[in-house]
Each structure stands twice: as C-alpha cells, then as structure tokens.
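Lettering follows sequence order; numbering is per chain, from 1.
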Protein chains: 2
Amino acid sequence: MNGRSKAGPGSNLTLKHVAREAGVHPSTVSRALNPATRSLVADDVVARVLQVAQDLGYRPNLLAAALRTGRSRLIGALIPNISNTLFSMILSGAAERLASAGYSLVIADVGDEPARQLELTRQFVARRIDGLILATVRRDDPLVAFCVEQELPAVLVNRAEEKRRLSAVVSDDGLAMQLAVEHLVELGHKHIAHVAGPETTSTGHLRRLGFTQAINSHKLGIEPSIEPTKSYSREEGARAAEKLLAGNDRVTAIVAANDLLALGVYDILREKGVNCPRDISVIGHNDMPLVDMISPPLTTVRISHQEIGRQAASLLLSRIQGDETVQRNVVLTPSLIVRESTAPPRKIR
Amino acid sequence: MNGRSKAGPGSNLTLKHVAREAGVHPSTVSRALNPATRSLVADDVVARVLQVAQDLGYRPNLLAAALRTGRSRLIGALIPNISNTLFSMILSGAAERLASAGYSLVIADVGDEPARQLELTRQFVARRIDGLILATVRRDDPLVAFCVEQELPAVLVNRAEEKRRLSAVVSDDGLAMQLAVEHLVELGHKHIAHVAGPETTSTGHLRRLGFTQAINSHKLGIEPSIEPTKSYSREEGARAAEKLLAGNDRVTAIVAANDLLALGVYDILREKGVNCPRDISVIGHNDMPLVDMISPPLTTVRISHQEIGRQAASLLLSRIQGDETVQRNVVLTPSLIVRESTAPPRKIR
DNA sequence: TCAATAACTGCAATCGATTGCTATCCAAGA
DNA sequence: TCTTGGATAGCAATCGATTGCAGTTATTGA
C-alpha cells in the first residue's frame, strides 16, 4: 500500500513524530509551528515543540500543506523564450521577490504557439499554482480570457493587453520613442524612419504609435512606412532595413523597436557599405547586455527588466495575499542611453 | 473547516464528480484515467469514464497525486545567476526535455552564497521535488554531500565536482584549450598567456590545467602566470589583463577562460591602445550571444549549453524513472569558432 | 453441473498537514 | 458554592488521488 519502495528523499519525518517526541498531539505541533496560530498554544509547550522540531530537523511537507490549504506557494511563469536575456532578467527579478515571500517560481518556456501556452497553463492549474506571470501575451490573447474566467491571479509583464483585464507591468513605450526621436531631432535629423516590431505585441504596436506621435509633435514628415516585422529578431531587422533603404535615400536615422532589430539593421548597413553613424544613425530598444561592446556601441532605450519582474511579483503577491482585486497597470520610466550609433546627419548624401 | 473562502481557481472538479457522473467508483475512474492501470478496467467502462472526464473538463489535482505517490513531478534547478545567458540556455534545454516528460522546472536563483543555496535546497526537499539540477557547485561542495546523504537524485551541469559523487554534464575543457592553443600555434604564436577563471569552479581549474598541458605539448614556454580571477566577470578580466601586460611584453596572445573575461581583456587593450588582433590575439570561451558583433568579433570556444541542459534532464529522468543508480559523466565536445580577434603575431613588437 | 479461475469493480486506508469543534481545567466573579 | 468564561489541547474530518485487498460476477474446464 505504500507507494514508495524505499525511504527515498524527503526524510519521512512528519508532524506525528515531532508530536510523539514532544508528548503532544500533532495538531498542537502544527499550531505551535505556524506563527499565525502560535498564540493558541501555551508558551512552554511552544518552546518545547520548537526545540524538538529543531533537534529532529523537522521540515513540514509543503505538498501536504498545499493540498489541505489549497495554496501551493508556487507561481508559474509563461515565457516565450528563456534564453532571451530580456525574459531571464524579468525572471530573475521576480524570483528574488517571490523567494523572500516563501514562494517558488515554476517556469514554462512555451514559445509563441498559443495551443501550447494554453496546455502548459492548464498544467499549472492542475498543480494548483497560486498565480501566474505572463510574458507571452499578444494584444488580444485568449490566454488572458482563460485566466479571467478561471479567476486565476495573473500579471502581465513587458507586454500589456489591450482590454486591460489583468494587471500589467510595462515600460512607457510612448515616452521611450519620444526620447529617441527628440535625441535625433536635437542632432539635426529630419528624415527618421522606424523599424516596427510585431503588431501583435503591445510593444510593437505602442512603439510604432509612440514613434508616429513623436514625429508629428516635431512637425516632421513621416517616412513612407514599411511593414512591421513578424518577430523581434536580427533576421527580421535586416529584412526590414533592406526594404527601407531600397525605396528611400533621404533617411538619415532609424529607430528600431528593439535591439535585435537594430542589430539586423547594422548587418544591412555593413553589407551595403553604409557607415553608422556617419551616414545613418541607429537607435535600439532594451539595452541588452553587450550592445555597448559592439561596433558602433548602440544608442538604445534602457528598461530595467529586473525591476519589471520585481514589480510583477509584488503585484501578484498583494493580489494573492490581500484578496485585492483591483487591476493595476504599473508603468516604469525608461531612459535613453546615448552611445556611438547616433551622430548629426551628413550635410549632403 | 474549508480552507478556501471562495471557489478560487482550480475548478474543484474531482475524481468523485467524474465517478458519480459515470456511475462508477472513484478508484475505477483513477484506474481508467491512468494508462498504466487502464488494463484493469473493462473497455466499455474506460470509454465511458474517458468521455465523461472529457465532457466535464476534468483535470486531476497533481498536488493530491503527488502527496499520495510521493512523486511531485517537479525538478528543482539551482542557478547562480539566471540572467547570465549561459545558465538560461541550460534551463531552456532542460525545461524542454522535462516538459515533454510531464515534469516542470522550479528555479532558484541563488547567487554564490553556500548558506542560501543549502536553504533553498531544503525548501526544494520540503516541496518533495523529484530531482535537482545543480549549476552552482564548486569543486568540493557541501551541497553535493547533502544530496548524496539525502539520496536526492541530482545532476551537475556545466561544472563538475572533484569526487564524482554525482552525475554531471560538462563540456570537454581540456579539449577546448587544446583547440584554442593549437589555433594560435598554427598562426605562429609562441608566447601565449592564460587568464584563468576561479579555481573554485571546475571550469576554471580544468581550463587552466588544459591550457598548461596544451602549451607543454607544443613545447612552448609557460608565460609567468598571474593569479586566477575571483569570478567570471568583465571587471575581473580587465584586472587580470592589466596585471598580465604590466609584467610582460612578449605575450602575443591571450586565452581567456570565459567570454566575459575576454571582454575585460578587450577593455584593457583598448585603454592601452593595444590593437587586437594585430598586437595581441584574444580567445574567449562559451560563444555568448553577440560576441560575433563586437569589435573585433571574438574567436571563442562554442559549447551547446542547451544541449547540456537537455542531457542533464535526460540523465535525471532516467535516474528517477529507472531507478538507475550509476553515476555518469557526460562530456560534450566543444568547437572553436574562429572570428577576427585572432591573427598571426606581428614580427616585431 | 459444479468448482476453479479470471476479470472487474468497490471498499477503505493512506499520504501529511490543517482546522472547526469539543472537552478539560482553572481562575475569577456572583 | 456555583456559574461563567478564558485558555489550552485533543479529536476527527478533510484536502483529492492512489492502491492493496476483498468481493462479485462471468467464464472456463472437468
């Protein structure tokens, strides 16, 4: 009847053992060990129980506690791609905050496929995770509907959702583009183009809108637009840059929606023998590690992804613990890091 | 008596409901749903149960199953720093393989502090994780002793342990250094120095040994050695390079134990106006993302960290599922990626 | 036709902690 | 002296799935 063949890990040391050793009932041990219920037990008994538990090296089985209480103290994270630093930084920040509250982080590296995302989410639910951090969502995502329906506490990171059904922690994409465009305008640029990210993501969408608005507010003309990229990748950036330059020789600066796209732009510039920043200035977004070491060091918008993770974790915890039901959007302020990929435009081209 | 105030997420749909609906006993439902025990149930009953479960959208509570069976289908990962791509790549590979076997990955971003590592490990044990992936271990680590003692299935990744008490998946550090040195020798270098990683890690130690051996096998003289670095970081790399160049003007090539160290070397070379690769060639280790974009593109040793993660997961699963107790060391073969940071030495300097 | 066996299915214990309710004891107040 | 009540501690149900054992029915062979 015993599922385990041998002892196995996990010590098999239970409340009962501690109770017997301390000469009290298991329920008393439970109460003595839990700070919230400790006051129900006489001081001397508490002391004795604590001592015995310590001596025996007792550690409660979190699985059993979770089953009984209905709270697993596990938080799930749905990430499109862990190996992208952006996301691992978010995880790092979230894990830090969660650990200090006694929660652990379960990760699912799910890619972009909605079916797989939903399946992994269901598995999380089956594990009775207490909350969810979503880094995958698109502007209108069925996953969000699922979470709302299941009353599953969830927080979106990095990307937000159009209908604002869930709390989110994001960077101010509009401000970011404003900073970028302003910097270029100050340098004297008049013909600035944008390599937009995927329209399905809030970042791609909002940055494009922000760019347009910034251009308008400076009374500059919008450069003939090219299609948004299909994904945030170096290859897509290259493809976009190629198209952009083929049909336009006025452009003196390119604002990319993301560092990887900017790197793709670099690839094409190099290929065509166009010098950056002398001929064309480039601005990225995210300030990924090492973009300060490439040639030329990339001017980019910095976002503290770790802070996004930390805020998301805090938001989630307060939702779980405090039964707080208001949805909140936390918007972090980005900053422009000026390096050597931006310079005044050449007088003549 | 009910812990939950409201319904909460997780559907509260249990075996009993399915059983009632299908007109059978819960145990029969359990058996019908589990492929391993399905043969104990009549075919028509299986069909009916499956149908009902499907219709109701039943999903078993993994927490309850875990408590009863003693297996949580959770694997813990102890990582010194998730935001380092090296580790997030390992996680990515491991998560992929684990997910396909129905296991989830719980991560702990623990830094380098042994006390914290042990504490987080204990918490993992309290969660009854089925296995552990350790990326943090030093050459002789108390954590390994702990795992062995607790009979906790564990696999080391990237770094191995001296006493080989646990299985490990590593790259062939000796071979890596041999490839690096051979490449430089072929280019004509005779005075090659090494910026060593921390001696506490197996990688730092083994790469230093491998380097020495490779130099000897080519009958070259060992350059006066400098102290190993304290950590794998750009700053430490810079510090080491500074010391190295201060006392030695014969050196025409530097093999760093890691890309970050190599980047630190770059920093100093630039600062001192020493041209790489014309004056000094540099080789890194790991082939981190973007080192192909920096100036000059870094010649480095490529390791498939994702493959390390995958192999580690497989090893762990076979240990858990097959009751296999042999410890195995899986050694992956690295390759040298030649870029532009290496060139023949200048005739005169 | 009857016993022996096989094939299912149900019963109930179990995993380990939590918690509402109840029982006991002692002190304070009437 | 008796009641009231506060402080402790124990009892037993419970969370939801799994599984050894036993019981029932159908099937086979003699």
Side-chain angles (χ1 to χ4, degrees), chain A residues 1-5 7-20 22-49 53 56 58-73 125-128 130, chain B residues 1-5 7-20 22-49 53 56 58-73 125-128 130:
Chain A
M1 198 136 198
N2 188 343
R4 273 163 289 192
S5 46
S11 73
N12 302 330
L13 184 61
T14 74
L15 263 190
K16 272 190 198 164
H17 296 110
V18 180
R20 197 176 314 145
V24 294
H25 193 268
S27 63
T28 304
V29 176
S30 172
R31 282 189 271 253
L33 257 31
N34 180 350
T37 51
R38 190 168 291 162
S39 61
L40 295 172
V41 179
D43 291 351
D44 57 328
V45 178
V46 169
R48 183 148 41 95
V49 169
L56 263 47
Y58 169 75
R59 301 224 111 198
N61 183 331
L62 295 182
L63 232 45
L67 175 60
R68 174 64 232 240
T69 61
R71 339 191 76 206
S72 62
R73 297 187 153 263
V125 173
R127 283 197 190 284
R128 298 300 190 266
D130 292 337
Chain B
M1 198 133 200
N2 189 342
R4 274 163 289 194
S5 45
S11 73
N12 300 330
L13 185 59
T14 74
L15 264 190
K16 271 190 201 164
H17 297 110
V18 180
R20 195 176 315 145
V24 293
H25 194 267
S27 61
T28 302
V29 177
S30 171
R31 283 189 271 254
L33 256 32
N34 181 349
T37 51
R38 187 167 294 163
S39 61
L40 295 172
V41 179
D43 291 352
D44 59 326
V45 179
V46 169
R48 184 151 38 95
V49 169
L56 262 48
Y58 169 74
R59 299 225 113 198
N61 183 331
L62 295 184
L63 233 44
L67 175 60
R68 175 62 232 242
T69 61
R71 341 191 74 208
S72 61
R73 296 187 153 264
V125 172
R127 281 197 191 285
R128 297 298 189 267
D130 292 338

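Distance B:His25 NE2 to D:dT18 P: 14 Å, rounded to the nearest Å. We find that CG of A:Asp130 is positioned 18 Å from P of D:dC15, with the value rounded to whole Å. For A:Leu67 and C:dC15, the CG to P distance is 14 Å, given to the nearest whole Å. Remark: P of C:dC15 and CZ of B:Arg127 are 22 Å apart, rounded to the nearest angstrom. One atom, CG of A:Leu56, and another, C1' of C:dG16, lie 16 Å apart when rounded to the nearest Å. C:dG16 atom P lies 10 Å from atom CG of A:Leu13, rounded to whole Å. Rounded to whole Å, the distance from CZ on A:Arg20 to C1' on C:dG16 is 14 Å. B:Arg68 has its CZ atom 12 Å from the C1' atom of D:dG16, to the nearest Å.
For DNA chain C, the neighbouring residues in residues 31-41 of chain A, judged by any heavy atom under 4.0 Å, are A:Arg31.
In the set D:dA9, C:dC11, D:dT18, C:dC11 carries the atom at the smallest distance from any side-chain atom of B:Ser27. Which of D:dA13, D:dG16, D:dG10 sits closest to the side chain of B:Asn12 comes down to D:dG16. Which of D:dT8, D:dA17, C:dG16 sits closest to the side chain of B:Thr14 comes down to D:dA17.
Proximity of A:Thr28 to the phosphate of D:dG10: a side-chain N or O atom is located under 4.0 Å from OP1 or OP2. Note on B:Tyr58: a side-chain N or O is less than 4.0 Å away from OP1 or OP2 of D:dA17. Contact annotation: B:Ser30 reaches the phosphate of D:dT18 (side-chain N/O to OP1 or OP2, under 4.0 Å).
For residues 23-37 of chain A, the side chain to side chain donor-acceptor pair (under 3.5 Å) pairs, not counting sequence neighbours, are A:His25-A:Ser27, A:Ser27-A:Arg31.
Take A:Arg127 and apply the side-chain hydrogen bond (donor to acceptor under 3.5 Å, both in side chains) test, not counting sequence neighbours, and it matches B:Ser104. For A:Ala65, there are no side-chain contact (heavy atoms from CB on, under 4.5 Å) partners two or more places apart in sequence or in a different chain.
Rounded to 10 degrees, the angle between the two end axes of the helix from C:dT1-D:dA30 to C:dA30-D:dT1 is 50°, with five pairs used at each end.
When every heavy atom of B:Leu33 is checked against every heavy atom of B:Arg38, the shortest pair comes out as O-NH2, 3.2 Å. The two residues A:Pro26 and A:Ala19 make their nearest non-hydrogen contact at N-CB, 3.5 Å. Nearest approach of A:Ala64 to B:Leu67, heavy atoms of both residues: CB-CD1, 3.8 Å. Residues B:Ala126 and A:Pro60 come closest through the heavy atom pair CB-O, 3.6 Å. Heavy atoms only, all atoms of each residue included: A:Ala66 and A:Ser72 are closest at CB-CA, 3.7 Å.
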Pairs of donor and acceptor atoms involving the side chains of residues 39-49 of chain A, under 3.5 Å and at least two apart or interchain, shall be tabulated with distances.
unit_1: A:Arg48; atom_1: NH1; unit_2: A:Ala22; atom_2: O; d: 2.4

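Among the atoms of the strands shown, none is found under 4.0 Å from any heavy atom of B:Val29.
Taking 4.5 Å as the limit, every side-chain heavy atom of B:Thr14 sits out of range of all side-chain heavy atoms of B:Asn61.
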